[in-house]
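Report on the structure given below.
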Amino acid sequence: MLIKIPRYNEPLASEITPRELALSRRLFLQGMAASSLAASAWVWPAMATESSTRQRLPAQRNAKYSAADKPTTLADATTYNNFYEFGTDKGDPALYAGSLKTRPWTIKVEGEVKKPLTLDIDALLKLAPLEERLYRLRCVEGWSMAIPWIGFPLAELIRKVEPTGNAKYVEFTTLADRAQMPGVRSRVLEWPYTEGLRLDEANHPLTLLTVGMYGQVLPNQNGAPVRIIVPWKYGFKSAKSIVRIRFTEVQPRTSWNLAAPDEYGFYSNVNPEVDHPRWSQASERRIGEDGFFTKKRKTLMFNGYPEVASLYSGMDLRKFY
Ligand code: MTE
C-alpha cells in the first residue's frame with residue numbers, strides 16, 4: 001500500500017522491502033521452521049508443506065466457489081503479507097505476528113441489528129458449516145495470490161443478528177493493541193484498522209468470514225483468528241483480526257480511505273479499467289509464479305468474479321472507485 005504524502009517520520013510503503021528481500025527472509029524463516037513442516041496431501045496435493053504446529057480445521061470444499069487457479073504455496077502466502085499492525089515490510093507480519101494472542105478472542109456484532117451478539121471465537125467457529133474455497137486475492141499494489149480459505153458466508157452471521165431497516169453498511173474494526181502489535185506505535189495509518197462494505201456486498205454469497213486456510217486455522221500473519229475475505233475487491237478491504245462488526249446507516253470511515261482518499265475509495269472493486277492515480281491496474285504479478293521478467297497477467301474485472309456486477313448496475317465505477 002502506498003501513501004502519497006509523507007505525514008510523519010514513518011517509513012512509507014514505497015520504501016517497503018522489495019520482494020527479493022522478503023523472500024530471502026522467507027527462506028531464513030523456512031529454514032528455522034523446517035523441522036515443524038510436514039508434507040500434506042489432505043486438501044491441496046499441490047501444497048508442498050503445511051505447518052504441523054497449527055490446528056487442523058476440517059472443511060468441506062465448495063467447488064462452486066473455487067477458482068481453477070493453481071494455489072499459491074503456503075510458504076508464499078504466509079511470508080509476503082500486508083498487516084501494518086506488525087510493520088510495513090512484507091516480511092514483518094511473519095516475523096512479528098507470533099506475539100498475537102488469539103485465545104480468548106471476542107467479536108462484538110452490534111449497531112443497527114435486532115439481536116446484537118457477543119461471540120467467543122470458538123462459538124463463532126460453530127455458527128455455520130465451514131467451507132473451503134480457493135479465492136484469488138488481488139492486492140492494490142499489483143500482486144495477487146490464490147488461497148484455499150476456510151470459513152462461511154458472512155451472510156450466515158448477518159441473518160442471525162437481524163439487521164434493522166436502517167442498516168445500510170457493515171463496518172469491520174480490527175484489533176489495535178500496542179502491547180501485542182509493534183506497528184500500532186507507528187502513525188502510518190489511523191488505528192484501529194477499519195474497513196466497510198455496503199450491506200448487499202456483505203450479504204453476497206462470495207463474502208467469506210474466514211477462520212482458516214490450507215486446511216488449518218489462520219496463521220497470525222494472515223489475520224487470525226478471524227478476518228473477512230471479499231475476493232472481488234482489492235485486498236485491503238479484507239480486514240484481518242476482527243473484533244467488532246457494526247451495522248450502520250451511514251457509510252463507515254475506512255483506514256485507507258482516510259489515509260489517502262484520492263487513491264483508495266470505499267468500493268475498491270478490482271477494475272483493470274480504472275487506474276490507481278499513480279499506476280495502472282490492468283495487470284498483475286502472481287506471487288510465486290510470475291517472475292520480474294515474465295509478462296504480467298491481465299487483471300480481470302471484479303477479479304474474475306463477474307457475478308457481483310449486478311451489485312453496481314447504474315453506478316459509475318470511475319466515480320465510485
Ligand atoms: N487488515 C489489517 N488489520 N491490517 C492490515 O494492514 N492489510 C490489508 C488486508 N487486511 C491489512 C489488513 C491488505 S493491504 C492486504 S493486501 C491483505 O490484508 C493481505 O492479506 P494476506 O496477507 O493474507 O495476503
Side-chain angles (χ1 to χ4, degrees), residues 1-3 10-13 16 19 22 26 71-97 100 102 105 107 134-151 171-177 180-184 186-197 208-214 216-245 254-260 263-264 268 270 276 281 284-288 303:
M1 305 290 293
L2 296 137
I3 296 178
E10 298 299 339
L12 294 184
I16 282 174
R19 177 169 148 73
R26 186 193 88 201
T72 299
T73 64
L74 174 68
D76 276 330
T78 53
T79 55
Y80 192 77
N81 302 101
N82 278 333
F83 199 167
Y84 275 22
E85 288 85 335
F86 294 102
T88 53
D89 188 301
K90 293 283 181 284
D92 285 342
L95 286 172
Y96 305 120
L100 180 66
T102 57
W105 190 280
I107 304 115
L134 186 86
Y135 278 169
R136 288 179 286 271
L137 182 95
R138 166 63 158 83
C139 182
V140 74
E141 295 163 343
W143 51 267
S144 63
M145 297 194 192
I147 295 181
W149 301 106
I150 296 172
E171 176 194 63
F172 305 95
T173 304
T174 77
L175 185 74
D177 179 357
Q180 301 186 70
M181 301 170 135
V184 172
S186 130
R187 296 169 76 185
V188 68
L189 283 178
E190 239 180 67
W191 311 110
Y193 190 102
T194 54
E195 256 311 331
L197 295 173
L208 197 71
L209 196 63
T210 303
V211 290
M213 59 190 238
Y214 300 92
Q216 302 186 321
V217 299
L218 277 177
N220 289 357
Q221 60 266 42
N222 293 88
V226 56
R227 70 179 296 180
I228 199 81
I229 297 288
V230 195
W232 71 94
K233 293 181 179 278
Y234 292 117
F236 67 90
K237 298 296 289 180
S238 293
K240 296 174 166 180
S241 303
I242 294 169
V243 291
R244 188 173 70 162
I245 300 176
T254 61
S255 290
W256 278 105
N257 183 246
L258 286 171
E263 304 194 6
Y264 309 112
S268 289
V270 174
H276 184 279
Q281 292 292 25
E284 68 199 52
R285 190 169 273 125
R286 182 64 52 90
I287 297 296
N303 205 19

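Counting convention: from 1, in listed order, for ligands and their atoms alike.
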Give the numbers and elements of all ligand 1 atoms closer than 4.0 Å to a heavy atom of [X].
{"X": "Thr174", "value": "3 (N)"}
{"X": "Cys139", "value": "16 (S)"}
{"X": "Asn81", "value": "21 (P), 22 (O)"}
{"X": "Tyr84", "value": "5 (C), 6 (O)"}

Test your reading of the model: is there a side-chain donor-acceptor pair from [X] to the backbone of [Y], 3.5 Å cut-off?
{"X": "Asn220", "Y": "Leu100", "result": "yes"}
{"X": "Lys237", "Y": "Gly196", "result": "yes"}
{"X": "Thr210", "Y": "Ile228", "result": "no"}
{"X": "Lys240", "Y": "Gln221", "result": "yes"}
{"X": "Trp105", "Y": "Ile242", "result": "yes"}
{"X": "Thr194", "Y": "Phe172", "result": "no"}
{"X": "Arg136", "Y": "Ser144", "result": "no"}

Taking [atom] as the reference point, the nearest protein heavy atom with its distance:
{"atom": "atom 17 (C) of ligand 1", "result": "Gly235 O, 3.5 Å"}
{"atom": "atom 24 (O) of ligand 1", "result": "Leu137 CD2, 3.4 Å"}
{"atom": "atom 1 (N) of ligand 1", "result": "Lys240 N, 3.0 Å"}
{"atom": "atom 4 (N) of ligand 1", "result": "Glu85 OE1, 2.8 Å"}

message: If you take the centroid of each ring, where Trp contributes its six-membered ring, are Tyr80 and Trp143 closer together than 6.0 Å?
response: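 Between Trp143 and Tyr80, the centre distance is under 6.0 Å.
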Looking at ligand 1, does any of its N/O atoms fall within less than 3.5 Å of an N/O of [X]?
{"X": "Trp149", "result": "no"}
{"X": "Gln221", "result": "no"}
{"X": "Asn82", "result": "yes"}

- request: Check if Arg227 has a non-hydrogen atom at a distance under 4.0 Å from any atom of ligand 1.
  value: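 Under 4.0 Å: yes for Arg227.
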message: With a cutoff of 4.0 Å, is Ser238 in contact with ligand 1, counting heavy atoms of the residue only?
response: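 Ser238: in contact with ligand 1 (<4.0 Å).
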- request: Determine, considering heavy atoms only, which of Tyr264, Trp143, Tyr193 sits nearest to atom 12 (C) of ligand 1.
  value: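 Ranked by closest heavy atom to atom 12 (C) of ligand 1, first place is Tyr193.
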field: Distance-only side-chain donor-acceptor flag, Lys90 / Asn82, under 3.5 Å
entry: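 A pair is found: one side chain offers a donor N or O, the other an acceptor, under 3.5 Å apart.
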